[in-house]
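Quick caveat, the model's predicted, so the values are computed rather than measured. Note that ligands are numbered from 1 as they come in the structure, with each ligand's atoms numbered from 1 the same way.
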Amino acid sequence: MKLLPQIQVEGGAEWLARTATQCLIDEARLSPKPGLVDSRGNGAHHDLTLALMERSAHSLTPTFQALALQSWLRPADIALRQTVGRLGRVGEQAMMAATGGVNTHRGAIWALGLLVSAVAMLGGEANAPVIAATAATLAKLPDDAAPKVFSKGLRATHRYRVPGAREEAQQGFPHILQHALPQLRLSRRNGGSESHARIDALMAIMTSLTDTCVLSRAGMEGLETMQRGARAVLSAGGSATLEGQLALGILDRQMLTLNASPGGAADLLAATLFLDRIGTPYFKH
Ligand SMILES: CC(C)(COP(=O)(O)OP(=O)(O)OC[C@H]1O[C@@H](n2cnc3c(N)ncnc32)[C@H](O)[C@@H]1O)[C@@H](O)C(=O)NCCC(=O)NCCS
Ligand SMILES: Nc1ncnc2c1ncn2[C@@H]1O[C@H](COP(=O)(O)OP(=O)(O)OP(=O)(O)O)[C@@H](O)[C@H]1O
C-alpha cells in the first residue's frame, strides 16, 4: 500500500465524498421505483420530495469527506469505530438541519458512511468485496458512545426476528455483493439502458431484503408483497422488457396501496452504485 502526500489524501477524500453524494442523487432520481421518492413524485411518503432528498444528499458531502479523511489508512479498531460513529451522528444532524427535521437518509448515511470509511482505510484503492469486508469489520466493533435509542428499525428486527441495517453491514453487505452488483452488470451486458440496469439491481435487492422500513409500515404482508413483486419483475425479463414493466407497474400500485416504501433497499442501491464507481480508482484517473 502506498503512502500518499497529504494533498493527494485530501483530493482522494473529496472525490469519495462527491461520489457518495452523487450516488444518493442518482438513486433518488431513478424512476420508476415502487413506493419510493423518484423523479415522478413522492411515492408512499407524505413528508419527502425529490428536492428534499437532493438537498439532504448535498448536506452530507462534508460528512463523507470527514469520514474519509479520518479513516485514511487507519486500522479497524475501537478508536476509529468511535470516530466514525460520532461523524455519522454529526451527519444525521446535518441531514435533519437541511430537511427541517425529516429523516431522508438515515439508513444511507450508515451504509455509505461505512463504505466511504472502508475505501479510505484501504488507501483509496480496492475492489468491492474487500471494501465491503473492511466496512463489516468496522460495523462489528462496539461504539460505546452510541446513544441507546429504540428505533423503528430495531423494533421491527425484534418483532419479526429478522436482520436489519446493522446486520446487513456486519455481514459485509450480502445484498450488494450477491444480488445487486451481479444484476447491475448482467442487465448492462444484456443491453438494457443504465436506468433499466439500476432498476433491475434494486429489484434484485428487494427479492430477499428484510427491509425494516417496509416491515414498520406494512408488516409481513408488505414485505412478502415486495419480495414476490420484485421476483416477478426479474423473472419476466427485467425492467427493459414490456412484461417486466407491467410487473413493475403492478408492484408500484401494490406498494402504494399498502403504504409501503423500500427505503432500506434504496439505501443499498445507492451503496451499490458507489461500489460500482469505486471500481475505477481515483488515483488511476
Ligand atoms: C444502524 C442505523 C442505520 C440505525 O438502524 P436502526 O435499524 O436501529 O434504525 P432506523 O429505523 O432509524 O433506520 C434504519 C434504516 O436503515 C435502512 N434499512 C432498513 N432495513 C434495512 C436492511 N435490511 N438492510 C439495510 N438497510 C436497511 C432504512 O433506510 C431504515 O430507515 C444507524 O442510524 C446508526 O445506528 N447509526 C449510528 C451512527 C454510526 O455508527 N454511524 C457509522 C457509519 S456513518
Ligand atoms: N428514494 C427514497 N425514497 C424514500 N426513502 C428512501 C429513498 N432513498 C433512501 N431512503 C431511505 O429510507 C429511509 C426513510 O424511510 P421512512 O420514511 O420509512 O423512515 P422513518 O422516517 O423512520 O419512518 P416514517 O416515515 O414511516 O415515519 C431513510 O432512512 C432513507 O435512507
Among all protein heavy atoms, pick out the one at the shortest distance from [atom]; state its residue, atom name and that distance to 0.1 Å.
| atom | result |
| --- | --- |
| atom 31 (O) of ligand 1 | Cys213 SG, 3.3 Å |
| atom 11 (O) of ligand 1 | Gly153 N, 2.8 Å |
| atom 13 (O) of ligand 1 | Arg106 CD, 4.3 Å |
| atom 3 (N) of ligand 2 | Val37 N, 3.1 Å |
| atom 18 (O) of ligand 2 | Arg217 NE, 3.4 Å |

Inset, instruction - Have a look at ligand 2 and work out which part of Thr104, if any, has a heavy atom under 4.0 Å from it: side chain, backbone, both or neither. - result: backbone
Legend entry - CD (Glu221) with more than 12 external heavy atoms under 6.0 Å: no
Legend entry - Residues Asp276, Arg185; criterion salt bridge (charged side-chain N to carboxylate O under 4.0 Å, His left out); working and verdict: CA-CA 9 Å; Asp276 182 56; Arg185 288 163 184 171; 3.2 Å; yes
Legend entry - Whether Glu92 lies under 4.0 Å from ligand 1, heavy atom: yes
Inset, instruction - Check whether any heavy atom of Gly164 sits under 4.0 Å from an atom of ligand 1. - result: yes
Legend entry - For atom 28 (C) of ligand 1, the option (of Leu268, Asp267, Leu138) bearing the nearest heavy atom: Asp267
Legend entry - Options His45, Arg29, Glu27, ranked by nearest heavy atom to atom 17 (O) of ligand 2, top entry: His45
